[in-house]
Amino acid sequence: IEEAEARLYLLDKERREQCYAQYWQPTPDQQQFWDQRIYERKVWLVSGGERSGKTELGAFLATVWLLGKEYFRDTPAWKWVEPLPVPLPPTSVRGVGLTADTSRNSVWEKLMGSIEHPPMFPPAEVKKPSEHEMTVEFKCRSKYHTKSADANPKTHGAVSVDLAWIDEE
């Protein structure tokens with residue numbers, strides 16, 4: 001019985017790491033987004049101190065917009081996803097960081113995972129990632145693009161997006 005319990009624990013741990021967004025829970029600072037019903041506004045400003053979880057909240061919301069509500073139904077994260085005004089996939093999300101380095105080191109690592117953090121984008125749902133371009137295409141045909149604010153302004157135009165996420169990190 002102990003061996004079976006250990007196997008179940010390892011399987012659950014692996015699932016939580018590979019489907020991190022489905023198990024995501026907000027910190028008390030992040031929960032204000034829901035408590036104050038900020039999601040009902042057209043433009044959201046999420047402010048907070050350093051290391052308060054703004055980037056992780058943005059990564060979670062981007063993941064929800066890209067994969068759609070149904071991906072989260074009957075998971076622990078459903079409580080947080082259900083009230084959000086999420087369009088049906090396929091969708092397009094643009095993430096913008098201040099510089100290419102901050103876009104890669106902060107935003108991209110939260111989305112794709114690092115030694116310190118499991119991927120917010122579930123690997124099983126990713127069809128075509130490009131670390132060089134910092135883009136991801138999903139099996140549901142949704143697309144994520146990362147740009148830096150210091151890039152040529154012409155590279156930011158002519159793209160229709162369902163969610164734009166600007167991270168100051």
Side-chain angles (χ1 to χ4, degrees), residues 16-99 102-114 116-127 129-130 133-149 156 159-169:
R16 287 174 183 266
E17 288 175 358
Q18 295 300 307
C19 302
Y20 178 75
Q22 290 181 325
Y23 293 88
W24 185 85
Q25 297 292 304
T27 66
D29 285 341
Q30 294 165 336
Q31 190 169 333
Q32 291 178 31
F33 180 82
W34 284 270
D35 293 346
Q36 297 173 10
R37 302 174 71 95
I38 292 171
Y39 56 83
E40 291 179 345
R41 302 176 194 160
K42 186 169 177 110
V43 176
W44 309 331
L45 173 64
V46 179
S47 61
E50 189 173 337
R51 317 259 334 137
S52 64
K54 299 179 301 292
T55 301
E56 181 153 326
L57 174 59
F60 175 72
L61 293 171
T63 304
V64 172
W65 251 253
L66 290 159
L67 297 177
K69 284 179 146 182
E70 286 305 310
Y71 176 78
F72 293 90
R73 189 176 297 280
D74 298 326
T75 71
W78 179 248
K79 174 183 179 180
W80 311 109
V81 173
E82 185 178 22
L84 299 175
V86 180
L88 293 172
T91 58
S92 178
V93 173
R94 167 70 56 96
V96 180
L98 288 181
T99 67
T102 57
S103 295
R104 184 174 309 286
N105 297 338
S106 179
V107 173
W108 187 253
E109 285 185 2
K110 284 275 192 254
L111 298 172
M112 299 303 288
S114 67
E116 300 162 5
H117 195 283
M120 192 65 79
F121 289 168
E125 300 300 319
V126 172
K127 179 180 174 185
S130 171
E133 296 290 324
M134 288 192 289
T135 62
V136 179
E137 187 176 326
F138 292 85
K139 290 179 181 175
C140 64
R141 298 188 342 264
S142 290
K143 294 181 181 177
Y144 174 82
H145 310 271
T146 302
K147 291 286 185 181
S148 64
H156 287 280
V159 175
S160 174
V161 297
D162 298 289
L163 179 71
W165 163 34
I166 302 170
D167 193 283
E168 55 43 82
E169 180 107 9

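No hydrogens, no waters, no symmetry mates; every other heavy atom, side chains included, goes into these values.
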(request) Take the angle between the ring planes of Tyr144 and Phe121 and call it parallel below 30°, perpendicular above 60°, tilted in between. (result)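 Geometry flag for Phe121 against Tyr144: perpendicular rings.
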(request) Enumerate the residue pairs fulfilling salt bridge (charged side-chain N to carboxylate O under 4.0 Å, His left out) with a member in residues 26-39, sequence neighbours excluded, ordered by first and then second residue. (result)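 Counting only pairs at least two positions apart or across chains, the salt bridge (charged side-chain N to carboxylate O under 4.0 Å, His left out) contacts touching residues 26-39 are Arg37-Glu40.
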Quick check: do [X] and [Y] have side-chain heavy atoms less than 4.5 Å from each other?
X	Y	result
Trp165	Val107	yes
Met120	Glu56	yes
Val81	Phe60	yes
Tyr20	Thr63	no
Gln18	Pro123	yes
Tyr39	Pro83	yes
Leu163	Val64	no
Pro119	Val126	no

How many angstroms lie between atom [atom1] of [X] and atom [atom2] of [Y], to the nearest 0.5 angstrom?
X	Y	atom1	atom2	result
Lys143	Lys127	NZ	NZ	8.5 Å
Gln31	Leu57	CD	CG	11.5 Å
Ser92	His145	OG	NE2	4.0 Å
Glu116	Lys110	CD	NZ	8.0 Å
Trp24	Leu61	CH2	CG	7.0 Å

Hey, can you pull the donor-acceptor pairs under 3.5 Å for the side chains in residues 134-142, sequence neighbours left out?
unit_1, atom_1, unit_2, atom_2, d
Lys139, NZ, Ala124, O, 2.6
Ser142, OG, Leu66, O, 2.6
Ser142, OG, Thr91, N, 2.9
Ser142, OG, Thr91, OG1, 3.3

Considering non-hydrogen atoms only, spot the tightest contact between [X] and [Y] and give its length.
X	Y	value
Phe72	Ala21	CE2-O, 3.5 Å
Gln30	Gln25	OE1-O, 4.2 Å
Ile38	Gln32	CD1-O, 4.1 Å
Trp65	Pro85	CZ2-O, 3.6 Å
Glu109	Asn105	OE1-O, 3.2 Å
Tyr23	Pro76	CD2-CG, 3.7 Å

(request) Using ring pair (Phe, Tyr, Trp, His ring centres under 6.0 Å) as the criterion, list what pairs up with Trp80, not counting sequence neighbours. (result) Trp34
(message) Does atom CG (Leu88) have a neighbourhood of more than 12 heavy atoms from anything else shown, all under 6.0 Å?
(response)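 Open: at most 12 neighbouring heavy atoms sit under 6.0 Å from CG of Leu88.
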(request) Without swapping roles, check the side chain of Lys69 against the backbone of Glu82 for a donor-acceptor pair under 3.5 Å. (result)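 Looks like yes, one N/O pair under 3.5 Å.
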